[in-house]
Protein chains: 2
Amino acid sequence: MAVTIKDVAKVANVTPSTVSRVISNSPRISEKTKRKVRQAMEELGYLPNFKARSLANRSTQTIGLVMPNSTDKVFQNPFFPEVIRGISKIAHSMEYALHISTGETEEEIYEGLVRMVQSGRVDGVILLYSRINDNVMSFLEEKKFPYTIIGKPYLNSDGISHVDNDNFSAAKEVTKYLLKLGHKRIGFVAGSLNLMVTLERKRGYESALLDSDITINNDYIVHEEFLREGGQEAISELLSLKEPPTSLVVADDLMAFGMLNTLDEMGLRVPDDISIISFNNLLLSEVSRPPLTSVDINIYNLGLQSAKCLIEKIKQPDEPAKRIIIPYKVIERNSCKKLS
Amino acid sequence: MAVTIKDVAKVANVTPSTVSRVISNSPRISEKTKRKVRQAMEELGYLPNFKARSLANRSTQTIGLVMPNSTDKVFQNPFFPEVIRGISKIAHSMEYALHISTGETEEEIYEGLVRMVQSGRVDGVILLYSRINDNVMSFLEEKKFPYTIIGKPYLNSDGISHVDNDNFSAAKEVTKYLLKLGHKRIGFVAGSLNLMVTLERKRGYESALLDSDITINNDYIVHEEFLREGGQEAISELLSLKEPPTSLVVADDLMAFGMLNTLDEMGLRVPDDISIISFNNLLLSEVSRPPLTSVDINIYNLGLQSAKCLIEKIKQPDEPAKRIIIPYKVIERNSCKKLS
DNA sequence: TTGTATGCGTTATCAA
DNA sequence: TTGATAACGCATACAA
């Protein structure tokens, strides 16, 4: 059996309660006993038992992470390691641990979350995605359980603490960028329409076009998941139009990357035949051919802030919801070209 | 306060102990009371309190995951999401939760692990990497704490439960494959020499050469991390030799992918000017230009088996250590060419 | 088949 | 400034 608070008490010649007070560094204990007790702890290699502690404490010092469907392609996106890196940085410094929950279906994810919350495994939760009609969110909301969301909440975005980029503006900006380069036929390629990111970026794209009095052509908008087979068709279809787009706004580097391949197979060169601009600025966008012009959304910081925000929420549940917008930055590389 | 076992007991008109027995589905409780109790649980939406349960139980039903240095480039490798997907599949089905621990330095990782183990947060641990002289492993070993390792242990590999590929043979096989295509000047590109994977693959590479009476040329072996700036030089150096290699064994798709870019910049075409074969068979290798011939190491299964193995270990600590070798498979694509 | 009593390792309340 | 004692919510040995 591991060493307990009683053992320490015995060695230090005090009662367990005193040891407990030393652990929490209570000010009403003499420096002398503190030293004595600490030495005993050192000597025995004592570490407080987490289970007992959180039982008495009603706090677990752990944060739950809800990931999207693990069989989904987005799961493979380096976005997640990076955002977790940010979260973990803060968590670590605030002595919180990380508890991860995922599943193969939305049902599984939901049940996983419920168990994790109901059984008191975590003090708060970070949703690593935002989608519409998410029952995970409804549950948290109803339970009034502390949580933060990375992305823009579908509803009631003022009442829910979240960390996000201004994806609308970002998409609008890059679309304008293409317009300025002389492109008029601009396509939009993205993933699931259930995700708020997709919706926001699409809105931005459309808004830029409207501002330039260009009518939105639904043939130019593609929503396939197409890193694999399926999507290639959607893309080749897009490019086989009588008037194919001369440039594309792609909602993710990973997708953009898949496109490069598809385009290559079709004999189209980037940026000579077609320009591409994308999002996230993953390592990938740097080492691809050509290097991609991409919007850096500062993923690491997204994670950092979401953790900070959640921990504050846990400690002060009654504070009003916070919205934190992480600035983005367009990184110009060589995937866009002026239309002559 | 949430609903407890007492509430259920009251509603069902039994004592808490009876409820407890129903929870663990004890055979010595009548079907009738079981029904009665279960209905009460249902009614109240009761879920056992995790902290109390694991305190009384001395088990947490959670698995600790130790990741490598989060600032390291390998962290970005899609290997991790995929292996976690496998782990999580089993964990979920066996009612285990996942606890993740990482850090920015080896020191942090070590301390994180110690706390997680000592404070009793987890029942067992999976190391998601294997490197030489790992104090994390020494600690686990000394504590006789249940753990499994993904990769080959540096020492005492018979005494430590692990799940691995036969990386030696795999590397040997692909090197032979290149030899058979007529290549004699074959380079080897890999990451850190602290990682067992790297060492094993290198051994395989060398063994194949020796079998063909080709002397090992250290100029042909590169160990840089070179997805970013630094490494490109190492590569161009390699290719600027008087007698540059005509083909490369690259220890990871991500690296191979970075190479494609570097090579392109140098005006070298794959596979016409130089052949490349790599490992892991990530999505990436499929959508790169050209698609990469790569060794599928079945990452998902690696995760699956490691979790299975650990849970068995947790339940039967005295069983001898297991070694599980996951078969690999060479996936031929278009990055290798016969030397004419 | 069920109930009673006790313990799991802490923290917190109340005394001293 | 410290000690005794009762929670925290559940599991289990022992009784009945």
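Letters go in sequence order (proteins before strands), and every chain restarts at 1.
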*Verify the contact: side-chain N or O of B/Thr18 to OP1 or OP2 of C/dG3, cut-off strictly under 4.0 Å; return yes or no.*
yes
*Counting any heavy atom closer than 4.0 Å, what does B/Pro16 reach on the DNA or RNA strands: base, sugar-phosphate only, or nothing?*
nothing
*Please report, rounded to the nearest Å, how far the C1' atom of C/dG3 is from the CG atom of B/Asn13.*
13 Å
*Crowded around A/Lys89 NZ? As in, over 12 foreign heavy atoms under 6.0 Å?*
no
*What is the distance from CG of B/Asn49 to P of C/dC8, rounded to the nearest Å?*
18 Å
*Over 12 foreign heavy atoms within 6.0 Å of CD, B/Glu43*: yes
*Rounded to the nearest angstrom, tell me the gap between atom NZ in B/Lys6 and atom P in C/dG3.*
16 Å
_Can you tell me which nucleotide in C/dT11, C/dG9, D/dA11 comes closest to the side chain of A/Thr4?_
C/dG9
*NA contact type, B/Val19, heavy-atom cut-off 4.0 Å: base, sugar-phosphate, or nothing?*
nothing
_Protein-nucleotide distance (B/Arg28, atom CZ; D/dA16, atom P), rounded to Å_ = 15 Å
*asked:* Expressed as a whole number of angstroms, how long is the span from A/Lys10:NZ to D/dG3:P?
replied: 14 Å
*Indicate yes or no: at least one non-hydrogen side-chain atom of B/Arg115 is less than 4.5 angstrom from one of A/Glu95.*
yes
*OP1 or OP2 of C/dG3 less than 4.0 angstrom from a side-chain nitrogen or oxygen of B/Thr15, does that happen here?*
yes
_If you only use heavy atoms from C-beta on, which nucleotide in C/dT4, D/dA11, C/dT11 is closest to the side chain of B/Ser17?_
C/dT4
_Distance check, rounded to the nearest 0.5 Å: B/Asn57 atom CG versus B/Lys51 atom NZ?_
15.5 Å
_Whole angstroms only, please: what is the CG-C1' distance between B/Asn25 and C/dT1?_
15 Å
*Please give, in whole Å, the distance from D/dC8 P to A/Ile5 CD1?*
18 Å
_Which residue in the set B/Ile297, B/Asp164, B/Ile299, B/Leu302 passes side-chain contact (heavy atoms from CB on, under 4.5 Å) when paired with B/Ile326?_
B/Leu302
*To the nearest 0.5 Å, tell me how far A/Thr18 OG1 sits from A/Lys34 NZ.*
12.0 Å
*Can you tell me the distance, in whole Å, between the NZ atom of B/Lys51 and the P atom of C/dG7?*
24 Å
*asked:* Both B/Arg21 and A/Leu55 contact DNA chain C. Taking the nearest nucleotide for each, which residue is further toward the 5' end?
replied: B/Arg21
Show the atom names and distances, to 0.1 Å, of all donor-acceptor pairs under 3.5 Å that link a side chain in residues 137-147 of chain A to residues at least two apart or in another chain.
{"residue": "A/Ser138", "atom": "OG", "partner": "A/Asp134", "partner atom": "O", "Å": "3.1"}
{"residue": "A/Glu141", "atom": "OE1", "partner": "A/Tyr147", "partner atom": "OH", "Å": "2.4"}

*asked:* I need the residues from residues 29-46 of chain A with at least one non-hydrogen atom less than 4.0 Å from DNA chain D; give them sorted by number, or say none.
replied: A/Ile29, A/Ser30, A/Thr33
_Under 3.5 Å, is there any donor-acceptor pair linking the side chain of B/Arg58 to the base of D/dT12?_
no
